[in-house]
There are 2 protein chains.
Amino acid sequence: MNSRRASPPAAGKQPETAASPWRASRERLRDRALKREAVIRAAAREFNRKGYHNTSLDDIAARLEVTKPTVYYYVTSKEQLLFQCFVAGVEQIRAAFRDVRHLEVPARERLNAVLRHYGEAVASEFGWCMVRAEDQDLSPAMSRHIKALKSEIDHGIRRLIREGVQDGSIQPCDPKMTAFALAGALNWIAHWYREDQSLTGAQIAAAFVAVFEGGLRPRAGAAPLAVRRGTRRRARRPAQAVAR
Amino acid sequence: MNSRRASPPAAGKQPETAASPWRASRERLRDRALKREAVIRAAAREFNRKGYHNTSLDDIAARLEVTKPTVYYYVTSKEQLLFQCFVAGVEQIRAAFRDVRHLEVPARERLNAVLRHYGEAVASEFGWCMVRAEDQDLSPAMSRHIKALKSEIDHGIRRLIREGVQDGSIQPCDPKMTAFALAGALNWIAHWYREDQSLTGAQIAAAFVAVFEGGLRPRAGAAPLAVRRGTRRRARRPAQAVAR
DNA sequence: CCTCGACCATACTGATGGGTAGCTATCCTA
DNA sequence: TAGGATAGCTACCCATCAGTATGGTCGAGG
């Protein structure tokens, strides 16, 4: 008499992106790890859409077409969910550092490669969580952990900058400030990429690296990688509109 | 027999930054606007410290040594509080655009001036609110309003870039991506400035502008604005430490 | 057939926090 | 000095939501 599990025909919403592995595969409901990963991804998507605090575990569960206790079956707390998303994102960047470590090219090119991967990671589905995981939202222990991971990446960038200055491939500069500027620009992608997906993460990262490399001030040589004309209209200014 | 207002002698905590204008000035408690502004500032400070969602109105009230209904006497909702903080921050940037509009210098220098003010605003007490006010946390109406203000600034930067490309003071580039990169780097200051106040906002902004202008790739000319030596130690790398 | 354990749902608790009702004190004006 | 406006407090309401207690279902092994 229990009407449990009688819902499938009533489902009116298509699975949207990746179908949840639950009802779809009532057989081989083995593989706990696979489901756990699905929970993490679903959480990342919801956090990305509505923010951490505006996302309830009921939301995440609903997205997976299960209930909240099921989510807790795979994860111990909401906080851990955020942390896992963070780690998933940050791991991509750490991989970029590892890949680049042994390349036999000037440090500036190694840095560029890292920054490109960095940008792609920030534009990925875990980008928001990686970038926006606030230490205020986490327990002291996890906060320390996250801070350490962020610091590791920050110092990795600074080191590449220092090496570049030493081998002559990078303009002398303050490594700390420069690293902040580069990482900040890339981190910020997570804020607007959600709404403007006209470019891929890789394209954005490449465009940013081009800006960083060349700088705004014109070089002595010719103008690289850009159209030359553009003297069409002379900057109309709409009378200081207060913008709605 | 009412023990109201009998607390002053029991106050064990010094006023920290700016003393709340309540108990301190029991006379001329005129000037509602002044108190309202104090509420906004207190909110900004608390949001800055703990984030919007982790700050309760009781916290803000406590910081002012009043109670929650008093806060509601000056403000209609928590959401409005955030919005006001946002506007206070953004207004500094709009002022920068106005100041610069009529300068008779190349567009790149006008852009630099705006960016310096931008950086200072982000490092100010309203920086966090301005940068982090999420549309998900606000009603649709205020969300639209905030988006419009952000868009106005974004397009202001893009226009300066376009003008710079046209008058030859800026390297040809994609205005949209370049504006995103510049604004992102500066916005991100709000994330780390809280913890590292070794520099003033103006100093940070100046350092960032220097990076943006020159770019990473060495110029043909001499090396500007940086120490020349620095070949001290050859980039020790601590065996891929997982950082705690 | 019967039990065990993995898995998941229903239905609850407890705390937090935005927001309000209504009373009180103080000041200004008449 | 009465009466209204200003300004602030105590005490409360109630929606939300993280997390849990409990129990039901199903496949697998005996």
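Below, read A as the first sequence line, B as the second, and so on, with proteins coming before strands; counting in each chain starts at 1.
What separates CZ of B:Arg36 from P of D:dG8 is a distance of 14 Å, to the nearest Å. Straight-line distance from the OH atom of A:Tyr73 to the C1' atom of D:dG19: 17 Å, rounded to whole Å. One atom, CZ of A:Phe47, and another, C1' of D:dA18, lie 12 Å apart when rounded to the nearest Å. Across the protein-nucleic acid pair, A:Leu81 atom CG and D:dG19 atom P stand 10 Å apart, rounded to whole Å. Rounded to an integer number of Å, the gap from A:Tyr74 OH to D:dA18 C1' is 20 Å.
Side-chain contact check for A:Asp137 and A:His53: at least one donor-acceptor pair (N or O, by modelled atom type) lies under 3.5 Å.
For B:Thr67, no side-chain nitrogen or oxygen approaches OP1 or OP2 of D:dG8 to under 4.0 Å. Within the 4.0 Å cut-off from OP1 or OP2 of D:dT6, not a single side-chain nitrogen or oxygen of B:Arg32 is found.
Annotation: salt bridge (charged side-chain N to carboxylate O under 4.0 Å, His left out) contacts of A:Arg116 (sequence neighbours excluded): none.
The residues B:Glu91 and B:Arg98 are annotated as salt-bridged, a charged nitrogen and a carboxylate oxygen being separated by less than 4.0 angstrom.
Looking only at side-chain heavy atoms (C-beta outward), B:Asn54 and B:Asp59 stay at 4.5 Å or farther from each other.
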Determine, for nucleotides 14-23 of chain C in 5'-to-3' order, which nucleotides have protein heavy atoms under 4.0 Å from the base (write B), from only the sugar-phosphate (write S), or from neither (write -).
---SBBB---
Derivation and outcome, ring pair (Phe, Tyr, Trp, His ring centres under 6.0 Å), residues B:Trp192 and A:Phe180
CA-CA 9 Å; B:Trp192 53 265; A:Phe180 275 161; 4.0 Å; yes
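A cation-pi arrangement is absent between A:Arg159 and A:Phe97 under the rule of less than 6.0 angstrom and at most 45 degrees off the ring axis.
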